[in-house]
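No experiment lies behind these values; they were computed from the predicted model shown.
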Amino acid sequence: MTSLGAPVTLADIQRARARIAGGIYMSPCVESIPLSQLTGAHIYCKLDYLQRTGSFKERGARNALELLTLEQRQRGVIAASAGNHALGVAYHGSLLHIRVTVVMPQFAALIKVSNCRALGATVVLHGSDLNEARLKAEELAQRDGLTFLHPFDNPAVIAGQGTMALEILEQTPDAEAIVVPVGGGGLIAGIGIAAKALRSDIRIIGVEPSPLDHLSDGQAPEQFRPVRACRVWPCGDPRFGEVIGFLQFKESFRRNVE
C-alpha cells in the first residue's frame with residue numbers, strides 16, 4: 001500500500017477492491033426514473049446505503065483494517081467520528097477480531113452510539129465538536145499504543161473509498177460524469193483517482209454545502225491547510241471539524257475534480 005506521503009494510485013485501489021471483497025457488498029447502481037425525468041438525463045444512483053452499517057465508509061474502514069500488521073491488530077485501533085466512520089470501523093473490527101475504540105463528540109446521535117457499542121466497540125464520548133474528538137483519539141492512541149484510523153486523511157481509506165468508482169464504471173460503462181458529495185474528501189479523492197485513470201474523459205463533480213465550500217474556494221494546492229469550519233444545524237447546534245484533509249486536496253482537487 002502507498003505510504004502516507006505518496007499519492008494513491010489506481011493499482012492501490014484495485015488491490016483494495018480484491019482485499020475487501022469478502023466483507024463489502026457490491027451495491028447496485030440503478031437508474032432513478034424520477035431524477036431522470038426531472039433532469040432530462042439518465043441519472044443513476046449508487047446505493048451504498050445498503051452496506052451493513054448504511055454507508056460507503058465501510059469500504060475505507062475495511063481496507064485500513066485489513067492492512068494492519070499483526071502487532072497493530074493485537075493492540076487494537078481507535079477512530080474519531082460522529083457516526084458512519086465509527087460504525088464502519090466497529091463493524092469490520094468485529095468481523096476481523098480487532099479491538100476497536102471510537103471517540104465520538106457529545107452531540108453524536110444516540111442510535112449511532114448505541115450501534116457502535118452493540119458492534120463491540122468501546123465508545124468514548126468527548127468534546128463539543130469533531131476536532132476535539134479527534135484530538136482525544138490521538139491522545140488515547142499514543143497513550144495506549146493504538147493505531148489511529150483517520151476517517152479521510154489516510155491513503156488506505158482513500159483507496160478503499162475509491163473502489164466504488166471501479167464498480168460504478170462496470171455497472172454504468174457509458175457514464176459521462178460522476179457526482180460526488182464532499183465532506184472530508186476521502187470519497188471524492190478515491191473516486192477521482194480511479195475513474196480518471198480508467199476514463200480520462202469522465203467528469204468528476206464534487207458537491208458541497210455552500211457555507212463549507214472549502215474544496216472549491218480556489219486555494220492553490222501548495223497553500224492549502226486543513227480547515228476548521230462551523231456547521232450550524234436547524235436545531236442551532238454548532239459542530240466543528242476539519243472539513244477537507246491535505247491528502248484529499250492534493251489527490252482530488254489538483255488533477256481530477258471540477
Side-chain angles (χ1 to χ4, degrees), residues 8 13 27-51 54-60 81-85 88 130 150-154 157-169 171-172 174-221 224 226-234 238-258:
V8 176
I13 295 169
S27 59
C29 188
V30 298
E31 184 171 8
S32 167
I33 300 304
L35 288 177
S36 294
Q37 291 176 337
L38 181 66
T39 61
H42 292 288
I43 306 297
Y44 291 81
C45 296
K46 181 65 168 161
L47 305 184
D48 237 39
Y49 70 87
L50 296 174
Q51 300 295 342
S55 167
F56 72 88
K57 293 278 190 174
E58 288 189 28
R59 296 173 181 268
S81 164
N84 289 335
H85 178 63
L130 289 167
H150 197 289
F152 47 85
D153 223 15
N154 181 323
V157 170
I158 294 172
Q161 318 303 33
T163 62
M164 187 186 293
L166 304 181
E167 296 177 12
I168 289 171
L169 293 181
Q171 293 166 321
T172 56
D174 297 327
E176 297 176 357
I178 302 177
V179 181
V180 187
V182 177
L187 179 62
I188 197 168
I191 284 179
I193 293 162
K196 282 292 191 178
L198 293 169
R199 284 267 315 277
S200 61
D201 62 314
I202 198 165
R203 299 176 65 194
I204 307 300
I205 301 171
V207 179
E208 56 189 348
S210 55
L212 301 175
D213 56 345
H214 302 295
L215 187 62
S216 58
D217 68 358
Q219 295 186 75
F224 178 77
V227 179
R228 256 175 78 86
C230 174
R231 181 181 303 173
V232 181
W233 298 90
R239 312 179 186 197
F240 296 82
E242 287 187 357
V243 180
I244 296 292
F246 184 65
L247 285 175
Q248 283 66 30
F249 193 81
K250 290 198 300 181
E251 300 290 0
S252 61
F253 187 82
R254 179 177 290 177
R255 295 190 303 272
N256 299 321
V257 178
E258 298 185 28

Peer 1: Roughly how far apart are Thr39 OG1 and Gln37 CD, rounded to 0.5 Å?
Peer 2: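 Between Thr39 OG1 and Gln37 CD, I get 9.5 Å after rounding to 0.5 Å.
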
Peer 1: What's the shortest heavy-atom distance between Val8 and Ile193, and which atoms?
Peer 2: O-CG2, 3.6 Å

Peer 1: Go through it in stages, so that I can follow the logic: the residues are Ile43 and Val179, the test is side-chain contact (heavy atoms from CB on, under 4.5 Å), and I'd like the CA-CA distance, side-chain angles, deciding distance and then a yes or no.
Peer 2: CA-CA 10 Å; Ile43 306 297; Val179 181; over 6 Å; no

Peer 1: Testing the basics here: between Arg199 and Ala175, what is the closest heavy-atom pair and its distance to 0.1 Å?
Peer 2: NH2-O, 2.6 Å

Peer 1: Kindly say whether Asp174 contributes a backbone atom to a donor-acceptor pair with the side chain of Thr172 at under 3.5 angstrom?
Peer 2: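 No; zero donor-acceptor contacts below 3.5 Å.
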
Peer 1: When you compare the side chain of Gln51 with that of Lys57, does any pair of heavy atoms fall below 4.5 Å?
Peer 2: no

Peer 1: Which heavy-atom pair separates Ile13 from Gly190 by the least distance, and what is that distance?
Peer 2: CD1-O, 3.5 Å

Peer 1: Should we say atom CD of Glu176 is surrounded by more than 12 heavy atoms from elsewhere, each under 6.0 Å from it?
Peer 2: no

Peer 1: Quick one: closest heavy-atom pair of Leu130 and Ser81, and the distance?
Peer 2: CD2-C, 4.1 Å

Peer 1: Please examine the side chains of Leu50 and Pro28, heavy atoms only from C-beta on, and report whether any two atoms are closer than 4.5 Å.
Peer 2: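 In contact.
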
Peer 1: Do Leu35 and Cys45 make a side-chain contact, defined as non-hydrogen atoms from C-beta onward lying under 4.5 Å apart?
Peer 2: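 Yes, their side chains come closer than 4.5 Å.
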
Peer 1: Can you see which heavy atom on Thr163 is nearest to which on Arg59, and at what distance?
Peer 2: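 Closest approach of Thr163 to Arg59: OG1-NH1, 3.0 Å.
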
Peer 1: Write down the atom of Ser27, the atom of Leu47, and the distance for their closest heavy-atom approach.
Peer 2: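 Taking Ser27 first and Leu47 second, the nearest heavy atoms are CB-O, 3.2 Å.
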
Peer 1: Roughly how far, to the nearest 0.5 Å, is CD of Gln161 from CD of Glu58?
Peer 2: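 Between Glu58 CD and Gln161 CD, I get 10.5 Å after rounding to 0.5 Å.
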
Peer 1: Under the side-chain contact (heavy atoms from CB on, under 4.5 Å) criterion, do Leu169 and Ile202 qualify, and how do the steps go?
Peer 2: CA-CA 10 Å; Leu169 293 181; Ile202 198 165; 3.7 Å; yes

Peer 1: Out of Ile178, Asp48, Val180, which one pairs with Met164 under the side chain to side chain contact (heavy atoms under 4.5 Å, CB included) rule?
Peer 2: Asp48

Peer 1: What class does the angle between the rings of His42 and Tyr44 fall in, given that below 30° is parallel, 30 to 60° is tilted and above 60° is perpendicular?
Peer 2: tilted

Peer 1: When you check the side-chain N and O atoms of Gln171 and Lys46, is any donor under 3.5 Å from an acceptor?
Peer 2: yes

Peer 1: Do Pro181 and Val207 touch side chain to side chain, with heavy atoms closer than 4.5 Å?
Peer 2: no

